[in-house]
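Every chain is numbered from 1, with letters handed out A, B, ... down the list of sequences. Fair warning: this is a prediction, and the values are worked out from it, not measured in the lab.
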Amino acid sequence: MAARSARPPPARSRTRSCRGPASCACRTAASSAQPPFPLLQRRVHPGVFSQRTAFMSRYSAAEIEQKWQQAWDKASVFTAKRDAAKPKYYVLEMFPYPSGRIHMGHVRNYTMGDVIARYKIATGHSVLHPMGWDAFGMPAENAAMAIGANPRDWTYQNIAVMRDQMKPLGLSIDWSREFATCDPEYYGQQQALFLDMLEAGLIYRKNAMVNWDPVDMTVLANEQVIDGKGWRSDAPVERRELTQWFFKISDMADELLAALDGLDDWPAKVKLMQANWIGKSRGLQFGFDLTAPAAGHERIEVYTTRPDTLMGASFVGISADHPLSKELEADNPELAAFNAQVRKTGTSEEAIEKAEKLGFDTGLRVRHPLNPDWELPVWVANFILMDYGTGAIFACPAHDQRDLDFCRKYDLPVIDTFLALDDPQPVTDEAFVPPKTEMVQWIDHFAGLDKATGDEAIDATIAFAEQAGWGKGVTKFRLRDWGLSRQRFWGAPIPVVHCDACGVVPEKKENLPVRLPDDPSFAKPGNPLDHHPTWRDCACPACGAQAKRETDTMDTFVDSSWYFARFTAPDADTPTRAEDADYWMNVDQYIGGIEHAILHLLYSRFFARAMHLTGHLPKKAIEPFDALFTQGMVTHEIYVTRDERDRPVYHLPEDIEWTESGAKLGATGEPVEVIPSAKMSKSKKNVVDPVNIIDAFGADTARWFVLSDSPPERDVEWTAAGAEAAHKFLSRVWRMARELADQRDAGLGEIDRTLQDLMDDYQLGVNPLDDELVRATHRAVDDVTKGIESFGFNAAIAKLYGFVNTIAKSQASARTRWTAMRTLAQLMSPMTPHLSEEIWAILGGPELVVRETWPVADPAMLQDDTVTLPIQINGKRRAEISVPQDMPKSEVEQQVLAVAAVQKALDGATPKKVIVVPGRIVNVVI
RNA sequence: GCGGGCGUGAUGGAAUGGUAGACAUAUCGGACUUAAAAUCCGAAGGCCUUGUGCCGUGUGGGUUCGAGUCCCACCGCCCGUACCA
């Protein structure tokens, strides 16, 4: 779901660059005489972090991480089990597309989920944290065409590589539940869902437009249409009509809209985007009578959301694909040519809306419904979609910018219907489009309005039209039915059969899965299922006669619309198993990219409802994701040089060298232009391979870094310096633990009580130096807990930096420092689980830290006795005052007024107002 | 085009409407060292008239005792736009 490149993984470079000072050893001695430190032996250039750092710190991530991953495996700590005694928690990250290699975006996404999962384990939950592969899709077919790979082999090889790359991250995933959507066991159950939904009336067939490449004779995806041309053939695409399968998602439009209100833990922006996408509108449907019948049509039905502007109608516009337009083409070669031109725009809304607005006057005339003497022209226009409303509109140029531009271009009349109250100017070049809540002055309104808002006018107009009998108030949705047919090979076959006698017949469930053939040929363009010699041939499930299989496969959005449900029982021989779905659903926390805000999430919401209707999910699961978090991307700056024709040539970060005069190409010394950060992409080569980072620094460093610098919902910029800093910090923590343990070995003695006991029984006032650290420990527990629970990972990490500095400087007793350090190990364990286990073990912690109960802060330890209040005079900070935490407002006010700076500012006068915000601030208004 | 979001020091960023710049990076200074690295300690938004001074959160307005935060407009960038995943 996340990645998209179809290219095979690039060969990894073995050279790395150094961004450190020019004196760094890696610059002067490429082949050092010193034997490299074992950790760095593999491929890492020493400049990434100094050999000596590693030597002196002795923090060996490679050793530590492997050791603890084996310990977790042995103890099966991440195997999800139904446990009636514990509350369950289902955390899910959007599963990846197996593009070939993991990237930093994956690391960030899965690390966030892992922090939540590990925290929930520590707080006593039975956690389900699964992983799978969104494995169908076009890249595998593109690879098949480009390099002759078999899509299935290509995909499973990629999965194997990516799984191997992911495991060293130490994620708390229950790998026993792993599946790929291209597994016949998975798509077979998806075919069963299809049959149930077909029977329930949730699926039907109708005609719809596709992008057709007339040279390659194949259907193109929108992204394969570049500037209106096919990406391989370069031929102008045509819109072509095909019979396709559809989910009736529009039947649920109102319900999907209303239910957004209940999604309290979803980002407001996502709910708003979905609401706008569903696009509920109330409007008027009515007809314009043609002055004379044409091509069997007597009137044109239009739908408008602004019926109140009917007196401003300038023309009636119809889509090029409107039945009337199509029928007129036969006798009107000019119109046919115009329509053919319109159909050369791709099917994407973006392409249609951005295209220059074009029109064609059909010569037909219609009568205005309010005045039979008023005739309006009928135009065909390229911006009117047959899919929305009735495929016909009336244009009101005075109050719609697009209509105005069109009318100015074709010299059509512009008639004002209302004017602004404060500036009643007629429209010239800019349409007057006030919010529908704004009061405006109406001009000669047929329903008798004078001053009214747009909303009031719309209501009045619909009532007027209904009473007069020429129109009807209608609620429409922008949301269209979900077309699931794809004319492609690498997808789940749609399990129906076409029989000459019986028509379209569903396959029998016992014949599922309808498997893809193992031997597709991509020699010819188009769908290999169409020209496979035998695959299509089958017996009709109804009459047994010779019949043909459907060759369309399912949209890959179908695969990703129910995988979360399948994870609850991946081995079930039905799509779901009731007791597992009941226990594990819903997903408590879903994490993924904002790019899925609309389609994937809306389709999943629809699917959950459809699965409930067909008996595959409980009622409570119709909103499958209780909480949603959308994380930002991982970016990196871009390095570019120019070729002899001034075209950009991109370079990998590891090929860049830094000198005082700027960035240079390591191999040639050619100066490199540095472009600000953008999303990591292979085409721009601004990618850092997580595998290299893990090899150099360890998984904990990579995890710590992607969580630390930026708030998780925002983009994070990967920098070599940041990664080094993260590693330095983890080394420091490791060293501190080691030193503390050495003190114990020197005679401090074992600490056998649990951490919580130590924290609970501490009495303040025993030793001021201990007090300070004990308070800091409780504050760290509180800060980090709140940080994790609110997805403030970067803030939690900042607090941990502060806590480590406090421990390092503390003069408290060894025993209190010991407690602080063990608490630190726990608090860091969701982010850096391997290092935390190691520290826990060094400091004599029992069992595994992953099995420890999360520490709880004592509220009493979080209170400070006195607080420093800043004093503002007229909103500007002028002084401060230190007062007891619980001092009453009135007393604070008295003390503030006595402060010299305040006295001076007042100069004998009485303040107008004194605002005391307890524990926060005081503002004196003069 | 339309819908949604984001914009804070040199850099990543912090800040329930309440001391803008926490924490980190880079930089500079000090300790340690024959030296360097590492490590440890410290400085640091800008400006000037060095004052419990002025300015400062993309730009311009507004609400408020008080705005990075809320509202409006504009600029720039990012995501989506129904067959990329």
Enquirer: How is A/Gln224 classified with respect to the nucleic acid when contacts are heavy atoms under 4.0 Å: base, sugar-phosphate, or nothing?
Expert: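 Nothing, no nucleic acid heavy atom in range.
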Enquirer: Scan side-chain atoms only and decide if A/Asn794 and A/Ser708 contain a donor-acceptor pair under the 3.5 Å cut-off.
Expert: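 No pair is found: no donor N or O on one side chain lies under 3.5 Å from an acceptor on the other.
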Enquirer: Select base, sugar-phosphate, or nothing to describe what A/Lys904 touches, counting heavy atoms under 4.0 Å on all strands.
Expert: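 Contact class for A/Lys904: none.
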Enquirer: Flag the pair A/Val210 / A/Gln244 as yes when at least one side-chain heavy-atom distance between them is below 4.5 Å, and no otherwise.
Expert: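 A side-chain contact exists here, since the closest heavy-atom pair is under 4.5 Å.
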Enquirer: How does protein contact run along nucleotides 2-8 of chain B, one letter per nucleotide 5' to 3', with B for base contact, S for sugar-phosphate only, - for none, heavy atoms under 4.0 Å?
Expert: -SSS-S-
Enquirer: Could you write nucleotides 64-69 of chain B as a row of B, S and -, 5' to 3', where a protein heavy atom under 4.0 Å of any base atom gives B, of only sugar-phosphate atoms gives S, and otherwise -?
Expert: -BS---
Enquirer: Base, sugar-phosphate alone, or nothing: which one does A/Asn794 contact when heavy atoms must sit under 4.0 Å apart?
Expert: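 It contacts sugar-phosphate atoms only.
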Enquirer: Taking only N/O atoms, report every protein-nucleotides 23-26 of chain B pair under 3.5 Å with atom names and distance.
Expert:
unit_1, atom_1, unit_2, atom_2, d
B/A24, OP1, A/Asn805, ND2, 3.3

Enquirer: Please identify each residue that fulfils side-chain hydrogen bond (donor to acceptor under 3.5 Å, both in side chains) with A/Gln903, with sequence neighbours left out.
Expert: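 Listed in chain order: nothing, the list is empty.
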Enquirer: Parallel under 30°, tilted from 30 to 60°, perpendicular over 60°: which one fits the rings of A/Phe729 and A/Tyr801?
Expert: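 Ring orientation of A/Phe729 relative to A/Tyr801: tilted.
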Enquirer: By the 4.0 Å heavy-atom rule, please label A/Ser485 as base, sugar-phosphate, or nothing.
Expert: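 Base contact.
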Enquirer: I'd like to know if the side chain of A/Ser731 reaches the main chain of A/His727, judged simply by a donor and an acceptor atom lying under 3.5 Å from each other, with no hydrogens or angles considered.
Expert: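 Present.
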Enquirer: Any side-chain to backbone donor/acceptor pair from A/Asn211 onto A/Thr347? Under 3.5 Å, distance only.
Expert: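 Yes: the side chain of A/Asn211 pairs with the backbone of A/Thr347.
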Enquirer: Say whether, by atom type as modelled, one donor and one acceptor occur between the side chain of A/Asn382 and the main chain of A/Leu358 under 3.5 angstrom.
Expert: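 Checked: pair present.
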Enquirer: Under 3.5 Å, side chain of A/Arg239 to main-chain N/O of A/Val342, donor-acceptor pair present?
Expert: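 Between the backbone of A/Val342 and the side chain of A/Arg239 there is a qualifying donor-acceptor contact (under 3.5 Å).
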Enquirer: Expressed as a whole number of angstroms, how long is the span from A/Asp403:CG to B/G1:C1'?
Expert: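 After rounding, the reported distance stands at 13 Å.
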Enquirer: Could you list the residues that satisfy side-chain hydrogen bond (donor to acceptor under 3.5 Å, both in side chains) with A/Asp481, not counting sequence neighbours?
Expert: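 Only A/Tyr204, A/Ser250 meet the side-chain hydrogen bond (donor to acceptor under 3.5 Å, both in side chains) criterion with A/Asp481.
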Enquirer: Considering every strand and a 4.0 Å limit on heavy-atom distances, what is the contact class for A/Glu356: base, sugar-phosphate, or nothing?
Expert: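 If one applies the 4.0 Å heavy-atom cut-off, A/Glu356 turns out to touch nothing in the nucleic acid.
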Enquirer: Quick check on B/C83: is either OP1 or OP2 less than 4.0 Å from any side-chain nitrogen or oxygen of A/Arg486?
Expert: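 So the side-chain polar atoms of A/Arg486 do come within 4.0 Å of the phosphate oxygens OP1 or OP2 of B/C83, strictly under.
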Enquirer: Under 4.0 Å between a side-chain N/O of A/Lys876 and OP1 or OP2 of B/C55, yes or no?
Expert: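 Result: yes.
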Enquirer: Aromatic rings A/His600 and A/Tyr590: how do their planes relate, parallel, tilted or perpendicular, breaks at 30° and 60°?
Expert: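 Rings of A/His600 and A/Tyr590: tilted, 30 to 60°.
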Enquirer: With a 3.5 Å distance limit and no angle check, can you tell me whether A/Trp490 reaches the backbone of A/Ala135 through a side-chain donor-acceptor pair?
Expert: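 Answer holds: yes.
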Enquirer: Let's test your reading of the pairing rules: Watson-Crick or G-U wobble, both distances under 3.5 Å, then write RNA chain B as a dot-bracket string with ( ), [ ], | and dots.
Expert: (((((((..(((.....[....))).(((((.......))))).((((..).)))..(((((..]....))))))))))))....
Enquirer: Just by distance, do the side chain of A/Asn874 and the backbone of A/Ile926 share a donor-acceptor pair under 3.5 Å?
Expert: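 Yes; at least one donor-acceptor contact below 3.5 Å.
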Enquirer: Which way is the base of B/G60 turned, syn or anti, if we draw the line at 90° from 0?
Expert: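 Anti, since the glycosidic angle lies more than 90° from 0.
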Enquirer: By the 4.0 Å heavy-atom rule, please label A/Leu479 as base, sugar-phosphate, or nothing.
Expert: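 Base contact.
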Enquirer: So, does A/His106 use its side chain to make a donor-acceptor pair with the main chain of A/His103 at under 3.5 Å?
Expert: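 Yes, A/His106 side chain to A/His103 backbone: donor-acceptor pair under 3.5 Å.
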Enquirer: Taking any heavy-atom pair under 4.0 Å as a contact, classify A/Phe383: base, sugar-phosphate, or nothing.
Expert: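 Answer is nothing: A/Phe383 stays at 4.0 Å or more from every strand.
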Enquirer: Name the orientation class of the two ring planes belonging to A/Tyr59 and A/Trp734 (parallel below 30°, tilted from 30 to 60°, perpendicular beyond 60°).
Expert: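 It falls in the tilted class, 30° to 60°.
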